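Have a look at the structure that comes next, please.
All ligand and atom numbering here is 1-based and tracks the order in the structure. This one's a predicted model, so the numbers in the text were calculated from it and none came from an experiment.
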Amino acid sequence: MIPFNKPYLTGKEAHYLYQAVYSGKISGNGVYTKQCQQFFEEKYGFKKCLLTTSCTDALEMCAILANIQPDDEVIVPSYTFVSTALAFVRQGAKIVFADSEANNPNIDAGKIEALITLRTKAIMPVHYAGIACDMDRIMALSEKYNLLVIEDAAQAVDSFYKNKSLGSIGHLSAFSFHETKNIISGEGGMLVVNDERFIKRAEIIWEKGTNRAEFFRGEVNKYGWVDTGSSFLPSEIVAAFLWAQIEHLENIQNRRKSLWNIYYEGLKPLADKGLFRLPKIPEYATNNAHMFYLVCNSLEERTGLIARLKENGILAVFHYLSLHSSEFYKDRHDGRELPNCDRFADSLVRLPMFYELEEKEVEKIIFLIIDFYKKTMQVL
Ligand SMILES: *Cc1c(COP(=O)(O)O)cnc(C)c1O
């Protein structure tokens, strides 16, 4: 059986966990937390990083920091994970769903301006598969209409837009270290604050609405309840695990990219014949090999392909069901059709992608895909 994902352990996790546990401080914001945050700030030019218990939590912090009030509008791609929208819905926002580009699941930056109203507070680019959205166009809209840009960079660790790291461009950003992402801590995430106006408040919201962080830096002589917030910070145990992953980031990225390239080269001849489409990486974007996907020509074709792979012990999966037609939100959606989003929801398939996947397994998957188009689709 070739699974869809297998969490990779670098080997040092248990050691750092042990260190954290026996250091005598296992609650949050300790040595490992600071070490991880500092790494990201220095390597990617993020102004301020705060580890969180998930990317969803980091997004909820963004919604609080953006001061979203009931009926404020937030522009979100419909083709994304639930959390991108949910974090803002909990704050009372109305979600205005945007369509994907025709050739790329990312939000179509050219269609955002028409969605902006006097109630719009923020735009949420999601860098799908770690491939950048068209950030210059989105930041230009942000300036023109005075809107916040909050990057859902859950999949985008170590990826870039025109030499700028993803997560460093918007006012706020959120990353995920869920076990399905490139580097992991089981559950885990990180808030990035690039706009200095939000840094102090972010620390308070992070620690249950208290100014505890300031107190521990000696900036105030007592701490107490000063704002809203929650317990968004993870324990040192989570941070210690993440540190072991961070140490191997480069190695992990190289391995994933090499597997990605084998898929790409092996499947390109079929894509050139128009049998399906492969990921398209715009000139302004890098590839962090978060995922390898292909886009079939129809739902039936995708269903057939997934079934064929499964018969051969290979787990390929699809996602996302369009959020604008989800059970939870469809009655609140304004009724606009989002055809590109629906097409990706019906026809995109993700192939196994994880560190320990072997080259010969990738070759086998490629062979089975070619065979499927030959025998079942009879197109080769
Ligand atoms: C994984 C993911 C999330 C959620 O991350 P968690 O850490 O599980 O909360 C949010 N948005 C996108 C685009 C994701 O891929």
(message) Salt bridge or not between E60 and R90? Use side-chain N to carboxylate O under 4.0 Å.
(response) yes
(request) Report, in ascending order of atom number, the atoms of ligand 1 lying under 4.0 Å from any heavy atom of Y320. (result) 15 (O)
(request) Answer yes or no: is there an ion pair linking R119 with E73, defined by an N-O contact shorter than 4.0 Å? (result) no
(message) Looking only at protein heavy atoms, which one is nearest to atom 12 (C) of ligand 1, and what is the separation?
(response)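 Ranking protein heavy atoms by distance from atom 12 (C) of ligand 1, first comes A154 CB, 3.4 Å.
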(message) Which residue and atom name correspond to the protein heavy atom nearest atom 9 (O) of ligand 1, and how close is it?
(response) T56 OG1, 2.5 Å
(request) Considering only NZ, NE, NH1 and NH2 on the basic side and carboxylate oxygens on the acidic side, decide whether K94 and D71 come within less than 4.0 Å. (result) no
(request) State the atoms of ligand 1, each with its element, that fall below the 4.0 Å cut-off from a heavy-atom position in G188. (result)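 Result: 7 (O).
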(request) Would you mind checking if K162 and D136 are paired as a salt bridge, meaning a charged N to carboxylate O distance below 4.0 Å? (result) yes
(request) Would you mind telling me if ligand 1 is within reach of the side chain of Y79, the backbone, both or neither, using heavy atoms under 4.0 Å? (result)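 It is neither part, as no heavy atom is under 4.0 Å.
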(message) Using a 4.0 Å cut-off to any heavy atom of S54, which atoms of ligand 1 qualify?
(response)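 Close to S54: 7 (O), 9 (O).
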(request) For ligand 1, find out whether one of its N or O atoms is nearer than 3.5 Å to an N or O atom of E187. (result) no
(message) Looking at F318, I'd like to know if the NZ or CZ of R302 sits under 6.0 Å from its six-membered ring centre while staying within 45 degrees of the ring's axis.
(response) yes
(message) Please determine whether a side-chain nitrogen of the Lys or Arg among D227 and R201 lies less than 4.0 Å from a carboxylate oxygen of the Asp or Glu.
(response) yes
(message) Any carboxylate oxygen within less than 4.0 angstrom of a Lys/Arg side-chain nitrogen, looking at R255 and E359?
(response) yes
(request) Decide whether an N or O pair under 3.5 Å exists between Q155 and ligand 1. (result) yes
(request) May I ask you to identify the nearest protein heavy atom to atom 11 (N) of ligand 1, giving residue, atom name and distance to one decimal place in Å? (result) D152 OD2, 2.8 Å
(message) Could you tell me, atom by atom, which parts of ligand 1 come under 4.0 Å of a heavy atom of K181?
(response)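 That gives atoms 1 (C), 2 (C), 14 (C), 15 (O) of ligand 1.
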(request) Taking only heavy atoms of V126 into account, list the atoms of ligand 1 that are under 4.0 Å away from them. (result)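 Listed by number with element, the hits are 13 (C).
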(request) List the closest protein heavy-atom neighbour of atom 7 (O) of ligand 1: residue, atom name, distance to the nearest 0.1 Å. (result)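 Answer for atom 7 (O) of ligand 1: S176 OG, 2.7 Å.
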(request) List the steps and the verdict of salt bridge (Lys or Arg N to Asp or Glu O under 4.0 Å) for E203 and R217. (result) CA-CA 12 Å; E203 281 185 334; R217 281 197 300 264; 2.9 Å; yes
(request) Give a yes or no on whether a salt bridge exists between D371 and R308, defined as a side-chain N under 4.0 angstrom from a carboxylate O. (result) yes
(request) Give yes if a backbone or side-chain nitrogen or oxygen of C55 is under 3.5 Å from a nitrogen or oxygen of ligand 1, and no if not. (result) yes
